[in-house]
Amino acid sequence: MSGPSQASPDEPSGWRFDEVEVASHTTVSADAAGSAGDDCVAMVAKLYEFLDGELTEQRRYLIQAHLEGCPSCFSAFDFELELRLVVADRVKADVPVSLVERVRRAISEDS
Amino acid sequence: VTNVAEQASFEAQAMEFLPSLYSAALRMTHNPADAEDLVQETMLKAYRGFGGFEAGTNLKAWLFRILTNTYINLYRAKKRRPEQSELDEGEDLYLYRRLGGLEAVAASRSTEDIVLEHFTESEVKDAVDALPEAFRMPVLLADVEGFHYKEIAEILDIPIGTVMSRLHRGRKALQKALWEFGRAHGLVESSTPP
């Protein structure tokens with residue numbers, strides 16, 4: 001049960017992206033993408049554009065490099081992506097067969 | 001005016017988008033009967049206007065633009081409900097933080113498992129439906145249908161900057177709504193100190 005991710009007793013058990021990150025990842029990021037705390041905040045600001053595939057290749061690359069060196073950001077990005085897939089999956093409805101027939105008939109009668 | 005070949009060509013290209021159009025129509029009208037009428041009307045209009053569709057461009061986006069316009073003309077006018085503009089949105093990563101963030105992931109539970117455990121299918125639909133229309137449509141078009149900002153801007157006839165801001169706010173509001181549903185059946189914020 002006790003892994004490296006376990007919070008020590010005097011730390012709050014909850015993980016706060018913007019608060020904890022600033023302190024805890026400065027070393028990891030040195031070779032990845034500069035100063036981590038500020039980077040993490042900047043990453044979240046670009047999260048949706050990244051997941052939406054709306055960034056330039058260069059910005060995309062910078063974020064990918066950061067994600068590879070920052071488990072916290074990676075986890076958050078992954079969650080957002082997965083959540084989106086789950087929501088999409090549940091919102092999708094099966095088309096009633098009767099509607100397919102209705103549409104074909106309407107088009108054919110309109111011809 | 002039209003012939004059998006044209007009809008066959010339209011059906012061969014457009015019918016595959018019926019599931020997407022119907023799913024979106026359901027979330028727009030909140031009602032299967034209205035959704036079916038809306039989709040039929042959309043497809044009929046698309047068929048009649050198919051000559052004006054530029055081959056090689058995005059047929060799905062073209063059909064969704066017709067769907068949106070048809071909806072506005074047929075249904076929204078009828079309801080005469082003032083467009084809701086207030087939005088109960090949370091901060092970034094609203095749900096992620098409350099569901100335990102890195103801790104939950106470190107406990108090797110997939111996001112899908114976490115979400116499936118906490119929210120029923122109808123709660124997800126209700127959370128989407130609860131979004132004001134101005135925010136619901138961009139979220140559906142981006143997150144469910146995978147349209148790009150530029151396509152969404154054209155489908156909804158709003159500037160790209162507006163698409164981005166409504167998407168951002170709409171997604172946060174969706175997460176907050178999901179969270180409220182979860183709380184209603186006993187979900188507890190994991191970051192609450194013991």
Check whether L21(B) gets within reach of chain A through its side chain, its backbone, both or neither, counting any heavy atom under 4.5 Å.
neither

In F17(B), W62(B), Y47(B), the residue satisfying ring-ring contact (aromatic ring centres under 6.0 Å, His included) with F10(B) is Y47(B)

For Y48(A) versus H168(B), what's the shortest heavy-atom pair and its separation?
CD1-ND1, 3.2 Å

Contacting region of L47(A) [heavy-atom separation from chain B under 4.5 Å]
side chain

V87(A), V95(A), L81(A), I107(A): which one forms the most heavy-atom pairs within less than 4.5 Å of chain B?
I107(A)

Largest heavy-atom contact set with chain A, pairs under 4.5 Å, which of V128(B), V144(B), D143(B)
D143(B)

In plain terms, say whether E49(A) and K46(A) are close enough for a salt bridge, that is, a side-chain N and a carboxylate O under 4.0 Å apart.
yes

With a 4.5 angstrom heavy-atom cut-off, which part of Q175(B) approaches chain A: side chain, backbone, both or neither?
side chain

Mind ranking D52(A), V103(A), V91(A) by heavy-atom pairs under 4.5 Å with chain B and telling me who comes out on top?
D52(A)

Check this for me, if you would: do R84(A) and E145(B) make a salt bridge, where the nitrogen-to-carboxylate-oxygen distance has to be below 4.0 angstrom?
no

Under 4.5 Å from any heavy atom of chain A - which part of L26(B)
side chain

Please give me the minimum heavy-atom distance between I160(B) and K150(B), naming the atom from each residue.
CD1-CA, 3.8 Å

Determine whether the aromatic ring centres of F181(B) and F119(B) lie less than 6.0 Å apart.
no

Contact origin within E121(B) toward chain A - heavy atom pairs under 4.5 Å:
both

Looking at every heavy atom in both Q7(B) and S108(A), which two are closest together, and how far apart are they?
NE2-CB, 3.4 Å

Please look at D126(B) and chain A and tell me whether the side chain, the backbone, both or neither of the residue comes under 4.5 angstrom of a heavy atom of that chain.
neither

